[in-house]
Structure formats: structure tokens, C-alpha cells
Number of protein chains: 2
Amino acid sequence: MKTPVLPAFPRPEGMTTHDYAFARLRQAIMVGAFRPGTSITIRGLADALESSPTPVREALRQLTSIGALQFLENRRIVVPRITPARFEELISLRIALESHAARRAVAHLSDRQIDRIVALDDAIETAIAAGEKAEALIANQEFHRRIYMGNPDQVAMPLIESIWLQLGPILGIAMEHVAELYVIDRHREAIEALRRRDEDAAAEAIAADIREGIGGFDHEAVGKLLALAG
Amino acid sequence: MKTPVLPAFPRPEGMTTHDYAFARLRQAIMVGAFRPGTSITIRGLADALESSPTPVREALRQLTSIGALQFLENRRIVVPRITPARFEELISLRIALESHAARRAVAHLSDRQIDRIVALDDAIETAIAAGEKAEALIANQEFHRRIYMGNPDQVAMPLIESIWLQLGPILGIAMEHVAELYVIDRHREAIEALRRRDEDAAAEAIAADIREGIGGFDHEAVGKLLALAG
DNA sequence: TTTCAGAAATTGTGATCACAAAAGTAGATT
DNA sequence: AATCTACTTTTGTGATCACAATTTCTGAAA
């Protein structure tokens, strides 16, 4: 497999080459632009980004630290492959982390912040109705992120995003092979819990949202998806 | 503050310069060798390791990805400072992550593996009795790691170690200012739970171990420790 | 057709250098 | 003594190059 094409990504001025490479790759992996097993080369990326190996290598190294990429023994760089068992572990960890983060955020969220979260949920439904899967996915991530980030001393978000990155590749496959995203809407439930400042209910709503969403794929379904991807 | 002295660390042959720098720094931070706020320079480290900026910069970048270091706006590299609130978040996240990991490991641990874990617990007590704080700390980490790693598809360990790294600096301060490590021994309790294959009890024992160990520092105690460190 | 050895191309690694930004220093001015 | 300015030093950034390991390609032999 060759180095895949990167989705466009505007470069903010003042951003270092390294940071740009990192942000762009990270985004690409998180939204499922890469297949599991895809191999990546430093020089290939450097050419694509019109830069040189040094900053690109740093970006790739950072991505391996957070589980988004993998340096093999033979020094090849690949998007990690997923097994059904590993998938299950990731989902159960996601539930543990995110219900924890939701619980710890409840007390900090103002009504104004909750309003913005509601707006994001509307954006998700708009995107789904329009059949824009990628947009819906990004909006969904933003919905979750906005909740957890309500906690100002929050330290779980980077870990949660690490899990999202590890799920990205299989998510990309799922998006291609599933006719439409049928999002079981636990979001309303979560929002109601936030408004009531009910920590237990918020944590449970988030857990259910994950469990019934991407977590809904069972052992067999994941196996089929992976087989489809080669 | 200057770049601090690194604890010795033998370099396995065949290990790349980058990997060596990463492993050595990581270890140093995890065992509390650095104070919060300590600044680090690429060239300083390169000299200390008798190498060049390129591999060192990669190592530092990786360490920032897992929260062990921080690149400031002005491009300075520092060991992150901790606030009491952040400390509390880290502890509560540690409890959530590790009790989850313990629970998911129980079913996979063989009696033989549990025996080895018991041996590690003995090593901890030996180190404590001898007043060797650093050794006790490392053995304690190894005790926890060995439990969680029993799960072959485990994905939580890197995240847990990320938390350990973020707690490392304050742990170093605590070790200097606490007369002796008084480890409330929930380890026996955890081991018993493992032997009974009791997931709930194992998770709870680990949670209690953390809560009554490093988690025992309250808001005020953490503030004092940080004040001592400047 | 398959297999295997050797050449060629590709790729990660790490040292070096030029550059720009930031920090630190020294001296003059108020 | 305090403050500001100009100069020097330090520091992160990124491009380049040589090197070694790996992979890929090529062609001959079975």
C-alpha cells in the first residue's frame, strides 16, 4: 500500500511545519481516511507536504506515542491493524473513560455551555439528514469533546482522543460499508442529564451512546469489516 | 532552572539513539527525577547523551504527546506544573483507568502469573524495609503493570503510564519530604481477589490502593508540597 | 514456472548547518 | 537605583547529506 492522499487542511500562519504535519495527519486518521495496515513513508509525506523529513518524522513519532501509528521492527511505519478482541477492548475503555469524563464535567457546565452543546447536536442531525457522514462524525466528536472540556482541570481528553485515533481506521471502513449512520439518540438523554446536573445519568447516557453506537458492532461484524478492508 | 542530571540507564545495543533518549527521559520523569517547572533544552540533552539535536528533539516531542513534557508558546520545553485541582483529576482518572484495567485482566491471569505478581509485592516490601524509596516505587509500578498486562488485548496500559508520567514530578517531591513510604497494603487484598477471579473485588482493591496511597494527599497537602518545590 | 542470488532503489537514522526568534547581558540614560 | 536600548548568546526549527538496513527489481539457474 502506498502513502494515502491526505484530506485538505488549511495551514494557520505561524504554525510550525512539524505542528502542521502532525495536525493534518492526526485529523486524517481520526476521521477514518486511512485503512488499517496502510504503510506510510517519511519522504512520501514530506513531499506531499512540500517539506523535509525532519519535521515529518517528528510528527510521525508523536502519532505513534498516542497509538495512531506504529513503527514496526523493520522500521516500517503503518496504521495499526485491529482485531475484534482489540476493538472490544477499545470500546470498553472508551466507555470507562468518557463516562468518567462526563461525570466530572457535569458540575462545571453552565447553562450557556449546555446551549452550545445542544447546537452541536442539531448540527449532527443536519449532517446525517444530508447524508454527510464525515461531517456528522466530526460534529459528533465535537459534541463529546465539548461536554468533557467543560471541566477546566480536565486531564482525560488527550487519552480519549487517543482512543478515537485508534478507532479511526475501522470507523472509516464502517462508514464506507454502512448504508447510513443510524445514530441511536442518547444525546438528548445526555443533555437532559446535564441540565439536571445529574452526574450518574450523564455518565450513563454517554456510556449508552457509545455502547449502542460504534460499540454496537459485535465480534463478528468487526471481523467482516476487517475482511472487507483486506 | 537548568537541564537536570539524568539517572544512569544502560543502553541496549541495537537501540536507536532516539529510542534511547526517549526511554531514558521517560524513566527519569516517571520516577520523579525532575521537578515541576524544570526546563529542558534540546542541545543540553544532546550533549548529555553525546548525540545530536535531531533524535533528542524527536524524543522530547514524543514525551509531550503523552503529557510528560510541555512545549510552551515561546518554544521553551518544561516539565508541566501541577495544581491541586489537576492533581485531583489525575488521581480520579488513575482510579477509573486502573480499576477498569484490573477488572479486564482478572479472567486472563493464570495462577502462575499471579505467583509472579505476589513475588513483586514481596519485592516492594523488601525495598520499603530497606528504605529504598526509588526501588519501592519502581517495584510498585511493576506490580500494577503486571496485573493489567495479563489481559493480552489490553489497550489501557499506555494511557495509565501517561498518568504515571504526569504524576511523576510531584511524586519526586513527595518522596523527598515524606519520612518514609507508608504503603497501606491493599496489595494483599488485590491478590486475593485475583486468586478468586473476583473482578469487582480486584477493581475495588486497586481503587482503594490508589485512593489510600498517593491519592491520600488532599488539596492542602499537595499545595504544600508544590510550595516546597518552588 | 519457480527459486534464488546479486544489483539497484527505497527508506529510516542521525549529524550538521544556516536561520530566526527568544532570552540574557551590558552599558548608558534618567 | 531603576529603566531602557543595543548587542551577544542561547535555543528551537527545518533542510540537507551521508550511511546502513531493508525492500524491490532483475536475470540466471534449476
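Chain letters run A, B, ... following the sequence lines, proteins first, then strands; residues in each count from 1.
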Colleague: Using whole Å, report how far CZ of A/Arg11 lies from C1' of D/dT13.
Modeller: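 It works out to 11 Å between those atoms.
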Colleague: Given atom OH of B/Tyr20 and atom P of C/dT13, what is their separation to the nearest angstrom?
Modeller: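 In whole Å, C/dT13 P lies 18 Å from B/Tyr20 OH.
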Colleague: Look at the side chain of A/Thr41 and decide which nucleotide, out of D/dG12, D/dA15, C/dG12, has an atom nearest to it.
Modeller: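 The listed nucleotide nearest to A/Thr41's side chain is C/dG12.
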Colleague: Take atom CD1 of A/Ile77 and atom C1' of C/dG12, then tell me their distance rounded to the nearest Å.
Modeller: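 Rounded to the whole Å, the gap is 7 Å.
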Colleague: Does anything in residues 53-64 of chain A come within less than 4.0 Å of DNA chain C? Heavy atoms only, and list the residues if so.
Modeller: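 Residues of residues 53-64 of chain A that come under 4.0 Å of DNA chain C are, in numerical order, A/Arg57, A/Arg61.
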Colleague: Does a side-chain N or O of B/Asn74 approach OP1 or OP2 of C/dA23 to a distance below 4.0 Å, or not?
Modeller: yes
Colleague: Any donor-acceptor pair under 3.5 Å joining the side chain of B/Arg76 to the base of D/dG12?
Modeller: no
Colleague: Checking side-chain polar atoms at under 3.5 Å, does B/Glu98 have a donor or acceptor matched by the opposite partner on B/Tyr148?
Modeller: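 Result is yes, a qualifying pair exists.
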Colleague: Would you kindly give the CD-to-P distance between A/Glu73 and D/dT23, to the nearest whole Å?
Modeller: 11 Å
Colleague: To the nearest 0.5 Å, how far apart are CD in B/Gln62 and CG in A/Leu60?
Modeller: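 If I round to the nearest 0.5 Å, the distance is 10.5 Å.
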Colleague: Cation over ring, B/Arg61 on B/Phe71, under 6.0 Å and within 45°?
Modeller: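 That pair qualifies as a cation-pi contact.
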Colleague: In whole angstrom, give the distance that lies between atom CZ of A/Phe22 and atom C1' of D/dT13.
Modeller: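 Rounded to whole Å, this separation is 17 Å.
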Colleague: Are B/Asp153 and B/His108 close enough that a side-chain donor and a side-chain acceptor fall under 3.5 Å?
Modeller: no
Colleague: If only atom types and distance count, is the side chain of B/Ser162 paired as donor or acceptor with the main-chain N or O of B/Ile66 below 3.5 Å?
Modeller: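 Yes: the side chain of B/Ser162 pairs with the backbone of B/Ile66.
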Colleague: Return the value, rounded to whole Å, for the distance between atom CD of A/Glu50 and atom P of D/dA15.
Modeller: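 Those two atoms, CD and P, are 11 Å apart.
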Colleague: Side chains of A/Glu58 and A/Thr54: do they bring a donor and an acceptor to under 3.5 Å?
Modeller: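 Result is no, nothing qualifies.
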Colleague: The helix from C/dT1-D/dA30 to C/dT30-D/dA1: angle between its terminal axes, five pairs each, to 10°?
Modeller: 20°
Colleague: Decide yes or no on side chain to side chain contact (heavy atoms under 4.5 Å, CB included) for A/His219 and A/Glu88, but give the supporting numbers first.
Modeller: CA-CA 8 Å; A/His219 223 87; A/Glu88 260 185 46; 2.8 Å; yes
Colleague: Would you call B/Val79 and B/Leu69 a side-chain contact if the rule is heavy atoms closer than 4.5 Å?
Modeller: yes
Colleague: Distance check needed: D/dA20 C1' versus A/Arg75 CZ, whole Å only.
Modeller: 8 Å
Colleague: How many Å lie between CG on A/Asp47 and P on C/dG12, as a whole number?
Modeller: 12 Å
Colleague: Please check: side-chain N/O of A/Thr38 versus main-chain N/O of A/Phe34, any donor-acceptor pairing under 3.5 Å?
Modeller: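 Side chain of A/Thr38 to backbone of A/Phe34: no pair is present.
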Colleague: Would you please say whether a donor-acceptor pair under 3.5 Å links the side chains of B/Thr17 and B/Arg11?
Modeller: yes
Colleague: Provide a list of protein-nucleic acid N or O atom pairs under 3.5 angstrom, restricted to nucleotides 5-9 of chain C.
Modeller:
none

Colleague: Would you please say whether a donor-acceptor pair under 3.5 Å links the side chains of B/Arg86 and B/Gln166?
Modeller: yes
Colleague: Using the closest heavy atom to pick a nucleotide of DNA chain C for each, name whichever of B/Ser52 or B/Arg43 lands nearer the 5' end.
Modeller: B/Ser52
Colleague: Tell me yes or no: between the side chains of A/Arg43 and A/Ser52, is some donor less than 3.5 Å from an acceptor?
Modeller: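 A/Arg43 vs A/Ser52: no donor-acceptor pair found between side chains.
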